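Model, not experiment: these values are computed from the prediction. In the text below, chain A, chain B and the rest are named by the order of the sequence lines, each starting its count at 1.
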Number of protein chains: 2
Amino acid sequence: MNKKEQKIFRAWIALIRTNQAALDNVEDCLKKEGLPPLGWYDVLLEINRETDKCLRLQDIGQRVLLSKNNVTRLIDRLEKAKLVVRKKCPEDGRGVFAYITHKGQNMLKRMWPIYREAVKTHFAQNLEEHEINALITIYEKIKIK
Amino acid sequence: MNKKEQKIFRAWIALIRTNQAALDNVEDCLKKEGLPPLGWYDVLLEINRETDKCLRLQDIGQRVLLSKNNVTRLIDRLEKAKLVVRKKCPEDGRGVFAYITHKGQNMLKRMWPIYREAVKTHFAQNLEEHEINALITIYEKIKIK
DNA sequence: CCTATATAGTTGCAAATGTAACTATATTTA
DNA sequence: TAAATATAGTTACATTTGCAACTATATAGG
């Protein structure tokens with residue numbers, strides 16, 4: 001393994017461990033406040049961003065990188081918690097929309113301040129502008145494929 | 001949310017999604033070759049780096065960021081696969097060492113070329129030197145706490 | 001049109017994870 | 001030194017995930 005490869009691997013491990021550590025910390029913050037996990041926020045936010053306030057399950061999967069069976073089950077939980085409702089898609093008989101409910105929007109509002117603080121303290125704390133930029137462009141490059 | 005916060009959040013999402021996408025891809029590569037998951041490699045590698053070829057379970061947990069019950073169970077699986085053996089710690093009656101076996105070292109050797117190629121293609125492909133450096137320093141800063 | 005194939009979503013089962021309780025040994029402190 | 005507290009590891013139970021099979025609808029090719 002040459003010098004460059006060594007660096008690549010250090011960076012790779014860095015990515016994995018950083019992500020894990022930061023994610024663990026942020027999840028802890030939410031849990032301490034009795035709030036649901038980050039995955040719920042992710043999905044609710046994606047739906048809420050849409051002007052129709054709904055998304056096809058397949059689109060949710062693509063955005064938050066979940067396999068389709070896990071989308072089904074996450075939406076199950078969100079629906080049971082009344083944060084979301086399912087509706088058949090009229091244009092495609094196979095499709096299902098998940099609509100965010102008023103309660104779901106409230107949940108976003110409740111979670112946001114905690115989430116925001118947690119990310120600031122456990123992730124952004126010591127980061128320089130150029131490191132933040134680097135992360136953004138790295139993602140752009142990796143997700144392309 | 002001001003401009004800077006917005007950037008922080010884009011970077012935060014970037015970190016999460018990048019990690020997820022790259023990890024999914026690399027795990028797929030290993031699975032296609034009939035090899036065990038990345039977590040096994042991580043642990044085996046940490047043990048193998050030690051001159052004694054063993055590590056306390058608690059130390060494993062700290063290095064690969066696993067909670068202690070999950071360390072117990074991962075070592076259970078590794079031991080069942082004969083890649084590792086447990087031995088009581090003589091200095092501390094509560095402690096347990098996990099020793100890597102010859103078979104475990106072979107597994108490292110088998111996994112490495114696949115792992116290495118996978119990381120290169122799914123992670124390092126389009127990355128510039130300065131982005132790699134950024135990831136490394138970001139990790140250093142985040143893990144400190 | 002009809003058959004073959006692909007896509008969207010769901011479900012069952014096995015494996016992995018989180019949480020909390022539990023056992024056993026160490027350490028502290030009164 | 002005895003009692004209280006802390007630490008290392010394991011285990012039980014509930015939740016979540018991964019994988020493969022399954023249903024239903026859509027699309028493509030003959």
Next item on the list: Tell me which of A:Arg73 and A:Asp24 sits closer to the 5' end of DNA chain C, going by the nucleotide each one is nearest to.
Entry: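 Result: A:Arg73.
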
Side chain [X], main chain [Y], donor-acceptor under 3.5 Å:
X	Y	value
B:Asn2	B:Lys4	yes
B:Glu131	B:Glu128	yes
B:Glu33	B:Ile114	no

Next item on the list: Could you name each residue pair satisfying salt bridge (Lys or Arg N to Asp or Glu O under 4.0 Å) that touches residues 14-25 of chain B, not counting sequence neighbours?
Entry: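 Found A:Asp42-B:Arg17, A:Glu46-B:Arg17.
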
Notebook entry, point to check: For C:dA14, does OP1 or OP2 lie under 4.0 Å from any side-chain N or O of B:Arg77?
Noted result: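 Answer is no, no contact under 4.0 Å.
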
Next item on the list: Taking the side chain as every heavy atom from C-beta outward, state whether B:Val84 and B:Lys103 have any atom pair closer than 4.5 Å.
Entry: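 A side-chain contact under 4.5 Å is absent here.
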
Margin query: When you compare the side chain of A:Phe9 with that of B:Val119, does any pair of heavy atoms fall below 4.5 Å?
Written below: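 With C-beta onward as the side chain, the pair touches.
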
Check: Taking atom CZ of B:Arg10 as the centre, does the number of heavy atoms from other residues, nucleotides or ligands within less than 6.0 Å exceed 12?
Finding: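 No.
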
Next item on the list: Tell me, yes or no, whether the heavy-atom count around A:Arg116 atom CZ, taken from other residues, nucleotides or ligands under 6.0 Å, exceeds 12.
Entry: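 It does: A:Arg116 CZ has more than 12 such atoms within range.
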
Check: Going by heavy atoms closer than 4.0 Å, what residues in residues 36-49 of chain A are next to DNA chain C?
Finding: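 Correct list: empty, so none.
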
Notebook entry, point to check: Tell me, which of residues 51-72 of chain A have any heavy atom that sits under 4.0 Å from an atom in DNA chain C?
Noted result: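 Listed by number, they are A:Arg56, A:Leu57, A:Gln58, A:Lys68, A:Asn69, A:Thr72.
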
Grab the [atom1]-[atom2] distance between [X] and [N] for me, whole Å please.
X	N	atom1	atom2	result
B:Asp76	D:dT10	CG	P	7 Å
A:Ile75	C:dA8	CD1	C1'	14 Å
A:Leu74	C:dG9	CG	P	14 Å
A:Lys31	D:dT15	NZ	P	13 Å

Notebook entry, point to check: Got a sec, which hydrophobics cluster with A:Phe97, joining ILVMFWY side chains under 4.5 Å apart, including via others?
Noted result: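 In the cluster with A:Phe97 are A:Val85, A:Tyr99.
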
Margin query: Can you list everything that forms a ring pair (Phe, Tyr, Trp, His ring centres under 6.0 Å) with A:Tyr41? Sequence neighbours excluded, please.
Written below: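 Only A:Tyr115 meet the ring pair (Phe, Tyr, Trp, His ring centres under 6.0 Å) criterion with A:Tyr41.
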
Next item on the list: With a 4.0 Å heavy-atom cut-off, tell me which residues in residues 82-96 of chain A come close to DNA chain D, sorted by residue number.
Entry: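 Listed by number, they are A:Asp92, A:Gly93, A:Arg94.
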
Item checked: Polar contact flag, side-chain donor to acceptor under 3.5 angstrom, B:Ser67-B:Asn70 ->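 Judged by distance alone, the side chains do pair up.
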
